[in-house]
Structures are given as C-alpha cells and as structure tokens.
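Below is one structure, written out as structure tokens; the observations come after it.
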There are 2 protein chains.
Amino acid sequence: MVSGQKQKLTIKQVAQAAGVARSSVSRAFTRPEMLSPETVRRVRDAAEKLGYVPNQTARALSTGRHGNVALIVPDIANPFFPPLIRAAQMEADRSDFCVFLGNSDEDPKQEDKLVGRFTGQVEGLILASSRLSDERIRAHAAQRPLVLINRDVEGIPRVLIDSGSGVREAVAHLAELGHQHIVYVAGPVTSWSNKQRRLAVRKSAERLGLKVDIVAAIVPSYDAGREAVAAILTTGATAAIAFDDLTAQGILAGLADRKIRVPGQFGVVGCDDVLGAATYPSLTTVSNRSVEAGKAALSLLLELLQSQSLRDIRYVLDTHLVVRNTTIDHKE
Amino acid sequence: MVSGQKQKLTIKQVAQAAGVARSSVSRAFTRPEMLSPETVRRVRDAAEKLGYVPNQTARALSTGRHGNVALIVPDIANPFFPPLIRAAQMEADRSDFCVFLGNSDEDPKQEDKLVGRFTGQVEGLILASSRLSDERIRAHAAQRPLVLINRDVEGIPRVLIDSGSGVREAVAHLAELGHQHIVYVAGPVTSWSNKQRRLAVRKSAERLGLKVDIVAAIVPSYDAGREAVAAILTTGATAAIAFDDLTAQGILAGLADRKIRVPGQFGVVGCDDVLGAATYPSLTTVSNRSVEAGKAALSLLLELLQSQSLRDIRYVLDTHLVVRNTTIDHKE
DNA sequence: CGTTGACATGCAACCGGTTGCAGGCTTTAG
DNA sequence: CTAAAGCCTGCAACCGGTTGCATGTCAACG
C-alpha cells in the first residue's frame, strides 16, 4: 500500500480523494466523534489507500503538542543510567511519545544548552542527576513541565532513589559480621546521592558504635577505587562501603594487588548494583531501583501534562542491601 | 535578560521592537549576509533584549529541516550500546542536532513502529544492529537518509565493526598457548556480528589445525553463559571464545562453580570489551570500536544530508585482541 | 405547521516561521 | 546627467495541519 515515491502527501489530497473538506480529514483523525461514522470511514479509507500519514510537525505548530519529551543525563555510558533510560523510553512509548536523549557530560553549561535546544520541541523534560544550580532548574521549570530524578528541589516534581535505607542495612550487616571500623569511599561532592550515602553511613555507624573514616575517590570510577586502596588501608578499617559499584570493583582490584583476601581479610560493599552477580567474587551492594525511577519519572511527567496540576510531588524509592560474596562467604 | 513569564515571543514582537518587517527578523538569523550589518545588529539586539528564541517547529514546517536525527538500538541496557549512543549524541551536538533515541527491544515490529514515529520529525536515521528485514530497511531508506551500524545491506550507507580480525587474533593467541581444541559460544542467530565471529573462529581454527565446537548460548547474557558451561566441558575443549563479554563472564562464573581455575585449567576470551579491566580476573577480549562506530555513523549521516549524494558507502572498523588475565597469567 | 435544537460539515483564520518577487534607493558606468 | 546594476527591505504566499464559527439539514417538539 505504501510505495517508494517521495511525494508529499497532505491532508489536501486526502480531502480531494474522499470528497470532503480538509477540516473533515483532520477531524477524522483527531476528533472522529464529531463526524458521522460514514464520513470517518470514507476519509480513513482514502488515507489508507494513499498511504497518508499526518505531519507531526504541522500538528505541533498549531496545537503546541509535540508528543515529545526530553531526557538529559550526565553520562550515558555510566552503567547506572542505561536501565533508567530504557525504562523511561519504554514508558514513553506506551503513550506514543518520542524521547530526545541528551548527554550533559557532567557539565552544567552543556546541560543548560541542551535544555534550551530541546525546550522548543518537547512538552516536558526529565533531568536525571542534574548538575544545574537550583536557580537554573527553577528557571527551566517555569518554561516547561519538568521532572527531576535524584535531585531534591522543593516545588519541582522529583523522583528520588533513597540509597540511605540500603546503606543503613549495609552498615548493620557489617556490624553484625563483627567489623568495628569501616570506611566510606566518597564520590563527587556535587552529587546528591553521595551526600545522602555519606550521611547514612555516618549516622548508622554512630548508632551502632562503629568507627568511620571517609576517603575521597571524587571521580566514581574503577581507577579511582583502585588508587583509594592505599588510603583505605592506612585507616586500619576492616571493611569499606564505596560510593558506587565501579569504585568498589576498583577497590577489589587494589586489594587483590596486595594479596588481601576478600571477604576473608577485608569486606567490600558497593552501591547501585549495576553489575549484578556478573563478576567474581560477586559484589555485595545496595540495590538501585533505576528502572523504577525512569519509569516513574516519565509517567509522572505525562500525568503533569494531562492534569496541568502543579502539586509538589516528591516520590521516594527505597533501596535494600543485596548480600553477595564480598562481605561473607556464601555456600551455593 | 530572560524572565519567568510564559509568554509566546514571536518574530512579530521582535520585528516591532526593531522597527522592521518580520521577514527581516527571519533573515537576521538565517541569512544575515542579505541584510545590512546595521539592521542585523538592531534585530539581534532587540531579540536579545526580549529573550526571543526562534521556534524550531515553525521553522521545520516551512523548511523541512528539523535539525533532528533518530538513533534506534535493540537494547539500550546492553553495555555494548551506551558508549556508541554517547558518541553519536556528542557528535550530533557538535552540529547542533538533537537526537531521538529508540529502543526496539530486539523486536522488528517495534523497530518498524519507532521508525514510523520518528520519520516525520527527523532528517535522517541511524539503525544500530537492526533486526528489520533487508526489505523493510530499503523501504525506510527510500523515505529518509538512513545509516546502518553492524548491518550489511548493499546500497545503504553502513558502518561495520569487523570483529573478525580480533577473533582471528584470539584464535592465534590460543593456539600459541598450546590449546588444540576450542569452543565458540554463539549468540543470537539473527545477529550479523555473531555470524561473522563464528565464521572467523571456524576459518582460522581450520587454518591453524585446531578442533572447534560450537555451543549455542542464543541469548547473550550472564546466565546463558553460566548455563553453557556444562555443554562446553563435555566437548573436551580447553578454551572458549564467547560471543560477548556478558556471556564470557557467565562462563567464568560457571567454571568457578566447578572449581576450574582460569586461566590455569581453562582459557576464556570475550568479545566487545564492555567491562574493561574492571573485573577480577580481568577478561581477555576483543576490542569493540563502538565509540568510533557511533561517531562515524553520525558524521556519515550528516554528510549525506549535506551532499545529497547517494554513493554506496561501506565503512569498516577493524578490531584487535586485548590480552588480559583469563588466557594467560600476567605478572604486574 | 412553524420553531427550536442537535448534528454534520465547510470556511477561513491561525500556529510561527521562510522565501520568491517586486519596489525603492544608491552606486557605478556610460 | 541618465541608465543599468546592485543592494536592502517589505509584501504576501506558503509549509500542513487545527479549530472557532457559520451554515445547512433534519428530526422533535409545542
């Protein structure tokens, strides 16, 4: 039914073919209940036969509804994000929305630029782990519906993954195993998640009477973790909780370099569960909920678009400890 | 300069403010060389002061140029793709293009649907590891400029990662280490890359006098690799080359379950190098070039958009073996 | 039987830019 | 000094839909 010609089929040709006015063709697609069933059928048949498909751009121009949303993340290649992106994407798809993807490269300027580029073509945006200032976020939110992920700005709808709950479980788990002195290997200072995790370690260690030291890895990466091992060992701690799994993997490598057995001589806990059980020994870590976060953010956004309501929404997802083999030796 | 109002600033207000016709405002932005420098300045100043930003949708409607491209992948969460997506995204950004991301979920129907949704809003598309039939791909290519990644359809511009070269090196490497009998753990039957890798293993093993068996994992995943271990061991081989790194990691886990030492008693080679050295023991694998592929595909597409030329382009990236610790014990 | 109202459809303006063409003014050549 | 050639700028049509309003038709109602 569709042929290879690269013609421009418009509502006009369909109108002619069906013997009605252009407006009726339009309505046959957007408000069929306004027309007689007979007319709708005639128009649809004609459209089908010609292979007509409505021009999304023209429609967007006159209605203001584009059917697009944008999702901006700091780094697509960071394994935390792909599942989130995927979930958001699939959720958008269910409502026939298209999603623009932006990579801010951890740079607020770049993020700002992307928002600007997208704004004109979307009905709403999602910023995941935004690096923008609260002020810029508010400014953008005033222009377009905006949902945040892992960023807590009052008045802006947001989806937060509370890694605090999982981290508290991790500390309790280590205490139970007899550790008395642990280290938190910190991530980026600007990260909301890092702040939250550090606080959770501090508080619950205090409650349980454990000694805590903080070692900075700053960049969350394998190499940073590996290099942090020297500092970790000088503290005299017997276990470490890392900002994320990448860092944790680096720590494991650094320990292996020094022939320190895990979990026998030293315990390691990651965060975000990005690798699953796919490494050996498999990493004890905190679950991430990134799939739910992506899905929730998208549906929240779509909801906002519908209702136009501006309630202050704060959706929190809790996390849990996933015990694998870097804190305790499991028997299969 | 920009304020919080949610007004609709159009070319008209700017024209009024600058005391010129609407067309002059338009030209001040799109073809400044047609206007006197003085007028351009006046218009730009006025626009700046008001905070005017051209409406991309309206522009697209009249010019047909949207400044968007679409990228469709089978699975965003498969670690092979994020670096590719990221590279494409950044390359697009350099030319002020926005990118739509689609996840086909390994399903041709879904992929077709996405292409349809995007077509009206983009100037060109990139299909990575497309699951569509050659026929559908050709049909879509007739509508819009289209570039393929890891899919070899004659007449359609394509970027191919030739894992054959790396796989041949892997086989030679294993032969050199004394292995006489190896296994190829296969991936999806519809995958172009899988076909290519299997063939490369077969051919070069034959040339070197090695015995080869094929074991099917079908789905490329950690679990599939782990389950394939039983079949691998019954062949009597002493080393395995896996379709990808995820499968290889699963194999390592399965071997560990059976207390088989790697690389001492059994050698393992992955493909795609998605985990880097970030696991322990670190995986010997074949490099992937996915970053170059993403970047190349995008710039190829942009080039096509400019030149309108329809040459048959076939851009091939070769790969190499990356030797780490699952085939041979390294000393640091 | 005339009026009212519901329903179906067409007309034309509009969304916000772009662009071919024409007209006015200035410059250059004859 | 006049005509040809540029250079700027404005007018108005157009991109392809959507939508408020007017019109026409027909059934139901008083």
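Model, not experiment: these values are computed from the prediction. Below, chain A is the first sequence line, B the second, and so on; all start at residue 1. Atom set for the values below is all heavy atoms of this structure, side chains included, hydrogens, waters and symmetry mates excluded.
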Fill in: Mutual orientation of the aromatic rings belonging to B:Phe118 and B:Phe100 [parallel < 30°, tilted 30-60°, perpendicular > 60°]
parallel
Response to the item:
Scanning both residues in full, the closest heavy-atom pair of A:Glu123 with A:Gly67 reads OE2-N, 2.6 Å
Item to complete: May I have the distance from A:Gln16 (atom CD) to C:dG10 (atom C1'), rounded to whole angstrom?
Response: 15 Å
Fill in: Side-chain touch B:Val159/B:Leu317, heavy atoms, less than 4.5 angstrom
yes
Worksheet item: For the side chain of A:Arg22 and the backbone of A:Ile11, is there at least one donor-acceptor N/O pair under 3.5 Å apart?
Response: no
Worksheet entry | Protein-nucleotide distance (B:Glu33, atom CD; D:dC7, atom C1'), rounded to Å | 13 Å
Discussion item. Less than 4.5 Å apart, side chain to side chain, heavy atoms only: is that true for B:Pro79 and A:Pro82?
Written reply: no
Fill in: B/S/- contact track for nucleotides 10-17 of chain D, protein heavy atom under 4.0 Å
BB-B-BBB
